[in-house]
Each structure stands twice: as C-alpha cells, then as structure tokens.
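Scroll down for the structure; my scribbles are underneath it.
Chain A is the first sequence line, chain B the second, and so forth, proteins listed ahead of strands; every chain is numbered from 1.
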Amino acid sequence: MQRRLRLTRSEDFERLRQTGQSRSHAWLVMNVAANQLPHNRYGIITTKKLGKAVQRNRIKRQLREVLRLLHSQLRQGYDVVIIARPGIMGQPFHAIQRIVEQACHKLMLLSGDGG
RNA sequence: CAGGCAGAACGGGAAAUCGCAGCAGGCAACCCCUGCUGAGGAAAGUCCGCCCUCCACAGGGCGCGGUGCUGGCUAACUGCCAGGCAGGGCAACCUGACGGCAUAGUGCAACAGAGAGGUGUAUUGCGUCGUGCAAGCGGCGUGAGGGUGAAACGGCGGUGUAAGAGACCACCAGUGCGUUUGGUGACAAGCGCAGCUAGGCAAACCCCACCGGGAGCAAGGUCAAGCAGGCGCACGGGGGCUGCCCGUCCCAUAGAAAGCGCCGGGUCGUCCGCACGAGGUGUCCGGUAACGGGCAUCCCAGAGAGAUGAUUUCCACUCCGGGCAACCGGAGAACAAAAGGCGGCUUAUAGGUUUGGCUGGAUA
RNA sequence: GGCCCUAUCGUCUAGAGGCCUAGGACGUCACCCUUUCAAGGUGAAGACUCGGGUUCGAAUCCCGAUAGGGUCA
C-alpha cells in the first residue's frame, strides 16, 4: 500500500471516531468519513487484546491486503479506519475479505452502490 | 531391547503470480523499468556486562549498591572453561550466593520444654541422709536414662562409684597449633602435640577483600518551520557526582546583552547517529578446555504507526476415515517477529535428527 | 525503544521472620429489632499473583516468571 494512502495522524483517527459513520461486526469495526482529498486513506488498529506482536502484525497485514485488493472498486475521497476485534483471530483470509466487503457495501462505499 | 544422563545442529523443502521495503544500475532528479537482498534461536524478558554518546574531564572521605572456594579465558560480566569441597543419584551425571558467628561487636530462636546460650538448668529418675508405723515429705549428691523440641553440650565399650559423669582409659569422630609430602592454588594425604567438645542463623545487622561517577540512540547532533514571554541570580548567588561534606570547574558580577535555573509558549518535520562488525564460513597451529593466533573467502535486514502478506502446484512429516495392499479423501504443523550494535544469563518452544557415557535384561 | 514502580478477602487497606489458622472498614449472607424498609445489634463466609531457594519456621528475605501502572521525544 502506498504511503500516501495511509492514515497516520492521531487527529485523523480522533476525527473519525467523533464524526464518522461506523459499522460493527464481531470481528471488526469500520469507521468512514469524507476527507478533502481526491483519494482514500486507510488506517488499521490492532489492539493488544488481539495477542502479541506476531498475531497483531498478521491481522494488520491481512487487512491491508484486503484493502489493497478492494481499493480500485471503492469510491474515492474518504478516510477509512478498521479496528480489529478479538473474534478475527485465526479466521481464514477469504472470510475476512468477505466481511470487509460487506461492511463497505453497507456504508455505501462500493462504486456500484450509487448515490 | 528397555530405561535414564549429558550435549550438538535443525525449526518443513522446491517453485509460480500479485503486493511491500532497501540497495545498485538504466536517467541530472521524481515517476517508471531491470537485477539483488529482506526476521530468530530465542529477534522475547530487560536480569548483567561492554562499545558508543552526552553531562565544563568525573579527585578524596562518609554513605549506598554489587560480587564472594581456587586457577584460567574474555573488551567486560552475576558469564564461560578446568579443578577443589559439600550434598543428591546404583551409575552416567546433577545441584551449590561455597569468605568470616573459636579474628571483633550486636541481634534472633514462636510453641513445647526443668533448661535455648549463661562453664546455664533439674520435672521425672538414680543414690544417700533426716523424719514418719506407712504412703510420703525435706536436705544433699548426680546429670547416665526417660520426656520436650528444628536444635539439649561427642559416640561405643570398659575402669570407677553410694549412685554417677571425659572423672579416667582404649578405639573412633570432630577442633586448634606445628610440621612433612603432592599441587601455581583451593585443597588432599600423613605425623606430632594440645585439649576434652568450645551449638545454629550473616539470602540478620555487620566485619574482611574486590568492583562501581551518572544517564541513556526518545543518548546526542543537524537543517527547516513555528511561537510570547515572565520570574530569580551579592556581604556571596546559580549550576556541574544523583544522598552528604571537602576539593575543583563553569557562568554572571549589579546599565543592557549574554549565561544559568524555574515557569509558560511553539513544533510533533528532514538528515546524520544507522549497518564492515570484539562479524560469518572453511582450514591449520597452540592450549585438557573456555579461548587465542595465522591464512583463505563472503558482505548477510535497516523501517519510522513501523517492510514478509495473498493465491496456487508438487514433495516430506503427523493424525483421522475407507481399503488386504498400492492408494484415495480430509485435517494439522510449536514458541514467537528486528528498531544502535555486540557478549552472556533467564524464560517459552510441536516435532523429528544426531553424538558420547550409564544401568538392567537377552544373545554370542 | 529506554528507564522506573506496584501486586494481601468483591473494593480500600494494616502487616517490617514465630503472637498470622493474616487484623480493620465498606460491601455480601443469616438471625435479632420493626407492621414493613432503612438505620442499629449479633454472627458467618471470604485474600497473601505464581514457581523455586535461604531458614527449624516466609505475606515478610533472595532469585525467576506473570499481570497492571507511570515516565522520557
């Protein structure tokens, strides 16, 4: 994932927490808010509840891969934050991919969703 | 063959496509393209030690902290190797903060028990004397036996005695001093003398010996951006070794600037440190070994919210189901991921591989 | 990433080698009191984070692990 597509600053995370739309699932929580940029930015949060460094890194990389594959299908101009929950531990990649796609669909982020 | 002991190396392998990070080249730079490289034995815990950096260079005393058998290795260590001693195991082997409570002083030992450290004590007992018809009571001697306790002032046999006792004797254990031999040494073995047993706890204070200045790469420097200043600093002030004292050094010296300290405000960016090192591999030499030296060869992660992910094929391993079998189908595969580097320790770890001892059984 | 601190009933705490079979307060439960509830009284249950070591004896001393928390740009 290119560096300009990453969301890093804590003010941005706090802004999404305050003003963004959210969608929760047993495995993850997704926050979305519009930014003033021509592209999307993505942030991933893996807390210590998920386990030690090996587990947290693996979840983060899998979610990043999902977003990379999904990026071209999404409407641009939004900041997206995914917070992983402990239920995601040990789940196969395709199942995680499906859950993220569903969350994007419900938040009207897919290009075919209109509006 | 079974069980057990001590090590060593490994931690699935071979590929394809997409994606990520670094380096080199193609360009003078970005994008882009090509090639190469890209987590571990513990990267972990941060328990020790060192390199490195800063503190205006770090000296002395007190205090504080650490270490503690001997010899060696190392940059250094609470590490490693070899040895001694003590304890455990039939053995291979394992474990040990292993200086000093007879080189000083202080302290502690609940409960039980007569008595818990004072050449101290006397409940029962043994003996004897007095008294009493007797049971018993009282005095004296004794410390062997019983009993209490984690621990009770040598063991066993004899002499001795009213009863007894290292009171005395033989042997043994233990202690101190002297001495001989072996060893660099810790220590071991022996001889002689003394004396007659002189307890435990220093991971209790402490004493002795040795070591330690403090902080840490968010150290520290550099460039850029941004902001708002205020207070304190002479009969001596502020600061540097942190707890104290001395010594010493730095700054200011009365107008301001600069400096130091405290409070407040701003920024949350770039680059360096930051990847050739006490480096890896192979081989030879010295050494019992840890390790040291020579030669050859290799370059082997370097991010900044933090690079290893996804999909697929074949082979290897384990388990489950089916099958006589070949095989077929399915599932699984530990602990855990660099963040300046290095040497150790400790802790976690599925699984198989391999080397050398030991014990028992069987066979020859 | 570095440097520190702490851990005792459900919660807050006392404890400094034996008096600890661990004390107190709030909370919980039972009983008494009251027409009932509250308050009050009486009583009960309930803990030394874990594993080794030193010691006759450890919540306490030493070592290791675990879990929380703080601080530094």
Next item on the list: Looking only at side-chain atoms of A:Arg64, point me to the closest of B:rU311, B:rA337, B:rU308.
Entry: B:rU308
Measure the [atom1]-[atom2] distance between [X] and [Y] for me, rounded to the nearest 0.5 Å.
| X | Y | atom1 | atom2 | answer |
| --- | --- | --- | --- | --- |
| A:Tyr78 | A:Gln21 | OH | CD | 8.5 Å |
| A:Leu63 | A:Ile83 | CG | CD1 | 11.5 Å |
| A:Thr46 | A:Arg58 | OG1 | CZ | 13.5 Å |

Whole-angstrom distance between [N] and [M], as gauged at atom [atom1]:
| N | M | atom1 | answer |
| --- | --- | --- | --- |
| B:rA289 | B:rG72 | C1' | 10 Å |
| B:rG40 | B:rC73 | C1' | 28 Å |
| C:rC61 | B:rA350 | P | 36 Å |
| C:rC32 | C:rC26 | C1' | 22 Å |
| B:rG66 | B:rG79 | C1' | 15 Å |
| B:rG45 | B:rU347 | C1' | 7 Å |
| B:rG216 | B:rG49 | P | 14 Å |
| B:rA152 | B:rG117 | P | 15 Å |

Figure out the [atom1]/[atom2] separation between [X] and [N], and round it to whole Å.
| X | N | atom1 | atom2 | answer |
| --- | --- | --- | --- | --- |
| A:Leu70 | B:rG309 | CG | C1' | 16 Å |
| A:Gln62 | B:rC18 | CD | P | 21 Å |
| A:Arg68 | B:rG309 | CZ | C1' | 9 Å |
| A:Leu63 | B:rA305 | CG | P | 19 Å |
| A:Glu65 | B:rG19 | CD | C1' | 6 Å |
| A:Asn57 | B:rU308 | CG | C1' | 10 Å |
| A:Ile44 | B:rA305 | CD1 | C1' | 11 Å |
| A:Leu67 | B:rC20 | CG | C1' | 15 Å |

Searching all strands shown, indicate the nucleotide that pairs with [N] (Watson-Crick or G-U wobble; both distances under 3.5 Å).
| N | answer |
| --- | --- |
| B:rG178 | B:rC191 |
| B:rC52 | B:rG216 |
| B:rC62 | B:rG243 |
| B:rU17 | B:rA310 |
| B:rU346 | B:rA44 |
| B:rG120 | none |
| B:rA6 | B:rU355 |
| B:rA39 | none |

Hey, does the side chain of [X] come within less than 4.0 Å of [N]'s phosphate (OP1/OP2), counting only N and O?
| X | N | answer |
| --- | --- | --- |
| A:His71 | B:rG19 | no |
| A:Gln55 | B:rA336 | no |
| A:Arg56 | B:rG306 | no |
| A:Arg61 | B:rG19 | no |

Where the chi angle of [N] falls, syn if within 90° of 0 and anti if not:
| N | result |
| --- | --- |
| B:rG132 | anti |
| B:rG357 | syn |
| B:rA39 | syn |
| B:rG304 | syn |
| B:rA189 | anti |

Evaluate the side-chain proximity of [Y] to [X]: yes if any heavy-atom separation is below 4.5 Å, no if none is.
| X | Y | result |
| --- | --- | --- |
| A:Phe93 | A:Val66 | yes |
| A:Ile82 | A:Ile45 | no |
| A:Cys104 | A:Gln73 | no |

Notebook entry, point to check: Should we say atom CD of A:Gln55 is surrounded by more than 12 heavy atoms from elsewhere, each under 6.0 Å from it?
Noted result: yes
Notebook entry, point to check: Which comes earlier along RNA chain B counting from the 5' end, the contact point of A:Ala53 or that of A:Phe93, where each point is its nearest nucleotide?
Noted result: A:Phe93
Next item on the list: Take A:Val54 and A:Lys60, find for each the nucleotide of RNA chain B with the closest heavy atom, and name the residue whose nucleotide sits nearer the 5' end.
Entry: A:Lys60
Notebook entry, point to check: Any ion pair linking A:Arg98 and A:Glu101 (charged N to carboxylate O, less than 4.0 Å)?
Noted result: no
